[in-house]
Amino acid sequence: MAPLVAPLLRRGSVCRSCLFTLAKGVSPIQRRNVTNNWYKKQGLALVDWEKRAEEIKKGNIPNTWDILEERGYVKDITGSRETIREIMRLKRVKAYVGVDPTASSLHVGHLLPLMPLFWMYMHGYGAFTLLGGSTVKIGDPTDRLKDREPIAKADLAMNVTKMHFQLKKLWANVESQARRYGYEKEWAWQRAVVNNNTWWNKVTLLEVLRRAGRHMRIGPMLSRETVKRKMSEGDGMSFAEFTYPIMQGWDWWTLFNQQRVQMQIGGSDQYGNIVAGIDIVKTVRDSEPDEAKRIPRDGPIDDPVGFTVPLLLDSSGAKFGKSAGNAVWLDQFMTSTFDLYGYFVRRPDDDVEKLLKLFTFMPLEAIQKVMAQQMEDPSKRVAQHCLAFEVLTLVHGEEAAREARQQHQMMYNKVPLPVVAEAPGAEYEPPVGPTTLNNAPRIDMKLPRSLVMGKSIGRILYAAGLASSSSDGHRLAAQKAAYIGGMPGRRPGKGEPMDPSQLSWNPVTLWFPQETGKYLIDDKLLILRKGKHNVRIIHVVPDAEYEESGEQYPGMLFKGRIRELKALSKDIKEGRKTPEEMREYASRLAETYPSRKPPPESKLRAELKSLYRIEMDRQEGEDQEGEVKKQGEDEGSERP
Ligand SMILES: Nc1ncnc2c1ncn2[C@@H]1O[C@H](COP(=O)(O)OP(=O)(O)OP(=O)(O)O)[C@@H](O)[C@H]1O
Ligand SMILES: N[C@@H](Cc1ccc(O)cc1)C(=O)O
């Protein structure tokens with residue numbers, strides 16, 4: 001046991017004998033219980049991992065690296081295969097995959113580097129997904145001949161918000177997939193979504209140049225294929241783009257330093273950036289001037305490592321993604337669940353086995369069985385349906401996958417599809433209760449400028465579908481139960497601008513309608529959230545544009561109840577309603593307004609007019625209620 005645990009203990013804060021004593025549940029030092037429990041768990045986790053490493057050595061359980069290779073995830077490795085294999089046997093390493101938010105959704109190509117990360121997580125390793133809120137402002141020049149267009153602030157805020165929630169949704173579905181396939185979650189499984197904006201907002205240029213830049217040689221950087229091609233065949237290279245690999249390397253160093261993230265995974269186009277990152281991490285680590293802060297190293301087992309996955313190509317051989325304009329999106333409002341399912345059902349017979357290994361968590365034996373079924377009658381496309389179902393389950397959850405399968409069956413298959421995709425013991429439970437990431441409504445919407453700039457926050461929350469009425473919206477704001485996104489401090493307009501690349505949330509307060517402008521990103525985007533997953537990215541558009549779109553929002557003036565009352569009154573006046581219809585409407589009114597009796601036909605118009613006035617007053621009142629509360633708060637705070 002000793003030789004394996006020793007290097008790990010040296011990196012921890014507890015001495016070896018204490019850790020093992022704690023693993024038995026005995027505390028060597030009298031500390032608070034919670035601390036002892038934590039140390040005990042750490043000790044047990046190390047002992048478990050060590051036992052596992054022994055079992056892998058004896059060949060009783062597979063090395064996770066071999067699983068990744070078998071399924072086809074490994075294209076290029078930095079350094080030797082044996083080292084990376086040994087690291088994964090001996091250490092619960094942490095790995096990360098980064099994505100720049102250059103679009104408002106992830107696409108199918110992004111799933112490829114994420115899949116090995118998900119597999120690692122399900123086998124007990126630490127898994128980090130990084131959103132490049134800062135790197136996106138520079139843009140990765142890899143394999144490009146032309147500069148990227150600078151990204152507008154409002155687009156950036158939208159992309160960051162949407163991708164963040166997409167990653168969280170994917171992670172929630174990975175958890176269910178792990179359960180579905182019989183992986184038992186332990187406390188030591190670790191996953192996180194991080195944004196590199198968090199550290200790029202704090203670090204100085206001087207720090208990066210001093211710690212990383214001074215050790216990097218220009219020669220090797222200039223000889224990189226991307227740099228040479230962009231300079232000779234493309235539109236030249238800006239200094240900012242040239243430093244992109246340093247930014248990515250600094251990200252890795254930050255994660256390595258703070259979280260010991262030792263591995264980076266990317267698509268095969270990222271190989272150069274990953275290799276550059278390894279140099280940066282090693283250089284910064286080894287040049288730490290302060291002995292006490294230096295991260296200990298016990299040889300190659302502690303060095304950063306990386307690998308790339310093969311690129312998913314389209315039928316013409318182009319990288320599948322947004323630059324080539326051939327992306328299939330993971331956002332169901334950009335590529336519907338029906339179309340995403342259809343994309344996988346259309347994959348050629350020759351590719352389907354490979355894709356089942358890459359995009360699903362099905363064990364290889366189960367894939368073999370499906371393939372045997374496929375061979376019997378390829379026209380039924382059993383393997384393709386299985387692939388589509390599994391990918392949909394990962395991306396949108398099991399309910400959406402079942403629905404998409406049913407829709408395809410109804411449209412194209414006369415006979416029911418053979419159920420081959422079910423995992424052993426997988427029982428379907430229809431989702432109930434609150435909004436989850438899988439049933440969250442459409443995240444982005446439009447609202448007219450006059451509403452956002454002229455009405456109370458309660459009314460805006462109602463219009464955005466986050467509250468059941470304006471009063472409910474006021475209540476949410478008063479109780480600080482709704483949040484505003486992209487706000488670095490609590491007092492925008494008092495020096496701190498909105499930050500589009502950072503998804504930070506602060507409680508909404510009751511502010512005056514005139515103040516809403518301060519909360520807009522780039523004067524056109526308002527991000528609101530209620531609860532954990534109920535987010536709205538509101539594009540504030542000119543009133544005329546909204547009118548033209550034909551859209552409606554709850555509480556819209558002259559739409560909904562008010563509009564109905566007005567239209568009906570007009571119809572009666574102009575004799576367009578039959579007595580029967582008028583009677584029916586009178587009794588409906590009595591249901592809607594329980595305090596009122598159904599009026600006789602002759603009085604119906606007068607009754608409609610009075611209800612109309614009541615509705616108008618109610619809306620006005622609700623708006624004022626929010627303002628009065630706000631005024632009260634402000635007056636109160638000024639009292640000595
Ligand atoms: N088709 C693909 N196959 C495999 N990996 C991919 C694919 N597309 C993107 N990736 C990987 O996903 C990660 C994030 O990619 P990135 O943000 O560059 O997306 P992209 O759509 O390729 O962008 P762009 O087209 O603007 O270059 C990288 O590791 C990248 O290699
Ligand atoms: N450069 C990567 C994204 C990325 C960004 C930051 C990182 O730290 C890692 C990866 C790409 O464009 O695909």
Side-chain angles (χ1 to χ4, degrees), residues 72-76 95-117 128-149 151 155 159-160 163 166-167 170 193-200 212 226 230 241 243-259 261 263-278 280-281 304 306-331 334 343 354-355 358-359 501:
Y73 291 123
V74 183
K75 167 93 172 43
D76 299 303
Y96 95 97
V97 172
V99 182
D100 277 345
T102 45
S104 63
S105 170
L106 295 167
H107 56 72
V108 169
H110 288 133
L111 276 184
L112 217 49
L114 288 173
M115 284 302 291
L117 193 73
F128 287 65
T129 29
L130 176 143
L131 261 183
S134 282
T135 31
V136 72
K137 293 179 187 167
I138 302 303
D140 189 347
T142 306
D143 292 343
R144 293 179 69 97
L145 293 178
K146 287 185 124 200
D147 286 0
R148 287 175 191 264
E149 286 295 317
I151 185 159
D155 291 340
N159 298 354
V160 168
M163 278 200 179
Q166 254 179 4
L167 285 170
L170 274 176
V193 179
V194 293
N195 186 330
N196 62 15
N197 196 53
T198 322
W199 49 88
W200 281 107
T226 287
K230 193 144 190 280
E241 283 180 311
T243 60
Y244 186 95
I246 303 184
M247 285 188 83
Q248 189 164 331
W250 189 266
D251 284 348
W252 194 354
W253 159 247
T254 310
L255 291 172
F256 185 85
N257 190 30
Q258 295 174 356
Q259 299 277 350
V261 175
M263 183 183 281
Q264 186 176 173
I265 308 170
S268 74
D269 56 334
Q270 290 295 306
Y271 187 73
N273 287 350
I274 294 178
V275 170
I278 289 184
I280 292 172
V281 175
F307 72 93
T308 62
V309 298
L311 283 185
L312 184 70
L313 306 174
D314 68 8
S315 50
S316 70
K319 176 184 155 191
F320 204 65
K322 56 196 167 255
S323 295
N326 52 8
V328 172
W329 304 102
L330 303 192
D331 180 331
M334 292 164 78
Y343 168 78
K354 183 181 83 183
L355 295 174
L358 288 173
F359 284 109
S501 50

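When a ligand or atom number is given, it counts from 1 through the structure's own listing order.
When only modelled atom types and interatomic distance are considered, Gln270 and Gln264 share no side-chain donor-acceptor pair under 3.5 Å. There is no side-chain donor-acceptor pair under 3.5 Å between Thr142 and Asp269.
By the 30° and 60° cut-offs, the orientation of the rings of His107 relative to Trp329 is perpendicular.
Annotation: side chain of Trp199 is in contact with side chain of Val194 (closest heavy-atom distance under 4.5 Å). A heavy-atom distance below 4.5 Å is found between the side chains of Gln166 and Ser105.
Residue contact check: Pro310 has heavy atoms under 4.0 Å from atoms 4 (C) of ligand 1. Each of the atoms 17 (O) of ligand 1 lies under 4.0 Å from some heavy atom of Asp100. Near Gly98, the atoms of ligand 1 lying under 4.0 angstrom from a non-hydrogen atom of the residue are 13 (C), 14 (C). Atoms of ligand 1 found under 4.0 Å from any heavy atom of Gly266 (numbered from 1 in listed order, with element): 29 (O).
Any N or O atom pair closer than 3.5 Å counts here, and Gly267 shares at least one such pair with ligand 1. Between Lys322 and ligand 1, at least one pair of N/O atoms sits closer than 3.5 Å.
Nearest non-hydrogen protein atom to atom 3 (N) of ligand 1 is Leu312 N, 2.8 Å. Looking only at heavy atoms of the protein, atom 11 (C) of ligand 1 is closest to Pro113 CG, 3.7 Å. Counting protein heavy atoms only, atom 16 (P) of ligand 1 is closest to His110 NE2, 3.6 Å. Distance from atom 9 (C) of ligand 1 to its nearest protein heavy atom, with residue and atom name: Lys319 CE, 3.7 Å. Nearest non-hydrogen protein atom to atom 24 (P) of ligand 1 is Ser323 OG, 3.1 Å. The closest protein non-hydrogen atom to atom 6 (C) of ligand 1 is Gly109 O, 3.3 Å. For atom 1 (N) of ligand 1, the closest non-hydrogen atom of the protein is Phe320 O, 2.7 Å. Taking atom 21 (O) of ligand 1 as the reference point, the nearest protein heavy-atom neighbour is His107 NE2, 2.5 Å.
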Pair Lys230-Asp147, salt bridge (charged side-chain N to carboxylate O under 4.0 Å, His left out): steps then yes or no: CA-CA 9 Å; Lys230 193 144 190 280; Asp147 286 0; 2.4 Å; yes
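With a 4.0 Å heavy-atom cut-off, ligand 1 is reached by the side chain of Asp269 but not by its N, CA, C or O.
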Contact table, ligand 2 N/O with protein N/O, distance under 3.5 Å:
from: ligand 2; atom 1: 1 (N); to: Asp140; atom 2: OD2; distance (Å): 2.9
from: ligand 2; atom 1: 1 (N); to: Tyr244; atom 2: OH; distance (Å): 2.8
from: ligand 2; atom 1: 1 (N); to: Gln248; atom 2: OE1; distance (Å): 2.8
from: ligand 2; atom 1: 1 (N); to: Gln270; atom 2: OE1; distance (Å): 3.2
from: ligand 2; atom 1: 8 (O); to: Tyr96; atom 2: OH; distance (Å): 2.8
from: ligand 2; atom 1: 8 (O); to: Asp251; atom 2: OD2; distance (Å): 2.7
from: ligand 2; atom 1: 12 (O); to: Asp140; atom 2: OD2; distance (Å): 3.3
from: ligand 2; atom 1: 13 (O); to: Gln270; atom 2: NE2; distance (Å): 3.2

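With sequence neighbours excluded, the residues satisfying side chain to side chain contact (heavy atoms under 4.5 Å, CB included) with Asn326 are Asp314, Ala318, Phe320, Ala324.
Assignment of Ser268 to the shell around ligand 1 is not supported, since no heavy atom sits closer than 4.0 Å.
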